[in-house]
> 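Provided herewith is a single structure, encoded as structure tokens, for subsequent inquiry.
In what follows, chains are A, B, ... by sequence order, proteins preceding strands, each numbered from 1.
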Protein chains: 2
Amino acid sequence: MSTLHLDGFLPYRLSIASNRVSNVIATAYQAMFGLKIPEWRLVAVLAEGEGMSQQALGVMTRMDKVTVSRAAIGLVERGLVKREPNPHDQRSHLLRLTRSGEELYEQVAPKALELERRIFAEFEEKEIGQLRSMLERLEDAAAGFEVEAT
Amino acid sequence: MSTLHLDGFLPYRLSIASNRVSNVIATAYQAMFGLKIPEWRLVAVLAEGEGMSQQALGVMTRMDKVTVSRAAIGLVERGLVKREPNPHDQRSHLLRLTRSGEELYEQVAPKALELERRIFAEFEEKEIGQLRSMLERLEDAAAGFEVEAT
DNA sequence: GGAAACTGGTATCAATTGAAACTAACTACC
DNA sequence: GGTAGTTAGTTTCAATTGATACCAGTTTCC
């Protein structure tokens, strides 16, 4: 009889830990700025490279195009993002933070970093680097399986 | 202006990696055995310590009692789990794997372990241990914040 | 021993998410 | 230059999930 302790099963532990962390973050953003995670991700990406199409945003944030679409609509409605025509392709628009979107970002970013710091407060620098690298490799490994499944 | 690269933001990376891994696992279980993740978790726990109430299962699997309830109903319907009266509390039942539930487990467990091994194939033993420990600490850290939020 | 508070479990409801279908626009290629 | 196939984005639909309300049974405590 093969033994499998759920507690020792890494995909399980990963899921639990990730969900808890996501909850903390989601609750904090919602409470502080009324932002959902997908919205926040778009803001974060737009704050760096402005003038992106939604499909580019999808690649950057690894989110489904439906999720991106909804987040973009929400942000435009709230005046945080504006759409400018894309001279090269009339199907898409270039998204850009508005002035108030930029202001929001200036508020959110430090809070996000602080939250990250507090969550990982008891981790050493070296550990954080290792975790980062392992998560990256995991992402790639899992991506490989997804193809296989299809 | 504060800079926050989404790509470097650990809660984001954690979420992406975890979601991908969960997808792989969920797809595999669904395809191989028609099990959803919550169902599979119950089976795994019941295979070790039998005769548990749903509330105990909720603690063990860290799942919401609603999720446990639904998974339990599904498993009972499919004859993988049976409910026995709980002599100490008539509100609850003691859940137990049926014979065919045990047989299923005997099939699923090795597949699960193999999948885990393949996903983490490129990780060294030492790394896996570190990851395990970090996820545990993360879980605890995040749990602390959740209280704070309430 | 009975009312009040609590607990195990289920049902109902709303939110989130992705898959699939659809529209409009674009590209290839004959 | 017109048709077939593709791509950007939205809408619609179904599945999953958790919060809330609820019911039945249990504990507390006067």
> How many whole angstroms separate atom CZ of B:R20 from atom C1' of C:dG18?
14 Å
> Kindly point out which of C:dG9, C:dT17, D:dA19 is positioned nearest to the side chain of A:R70?
C:dT17
> Please determine, for the side chain of A:S69, which listed nucleotide (C:dG8, D:dG9, D:dA19) has the closest atom?
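So the side chain of A:S69 is nearest to D:dG9.
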> Given C:dG8, D:dA19, C:dT17, identify the nucleotide with an atom nearest to the side chain of A:P38.
C:dT17
> Where the side chain of A:V66 is concerned, which of D:dT7, C:dG9, D:dT12 is the nearest nucleotide?
D:dT12
> To the nearest angstrom, how far is A:H88 atom NE2 from D:dG9 atom P?
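Distance, rounded to whole Å: 14 Å.
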> For DNA chain C, whose closest nucleotide is more 5', that of A:N86 or that of A:Q30?
A:Q30
> Nearest to the side chain of B:D64, heavy atoms from C-beta on, is which of D:dA8, D:dA19, C:dG9?
D:dA19
> For the pair made of NZ in A:K36 and C1' in C:dA15, what is the distance, rounded to whole Å?
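After rounding, the reported distance stands at 8 Å.
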> Closest nucleotide of DNA chain C for A:Q90 versus for B:H93: which of these residues is on the 5' side?
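The residue whose closest nucleotide sits nearer the 5' end is B:H93.
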> Once you round it to whole Å, what is the distance between P of D:dG18 and CD1 of B:I37?
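In whole Å, D:dG18 P lies 13 Å from B:I37 CD1.
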> Specify the separation, in whole Å, of atom NZ of B:K65 and atom C1' of C:dG9.
7 Å
> Roughly how many Å is it from CG in B:L94 to P in C:dG9, rounded to a whole number?
9 Å
> May I ask you to check whether A:F9 and A:Y12 place their ring centers less than 6.0 Å from one another?
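No, too far apart.
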> Choosing from D:dG9, D:dT16, C:dG8, which nucleotide comes nearest the side chain of A:S92?
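That would be D:dG9.
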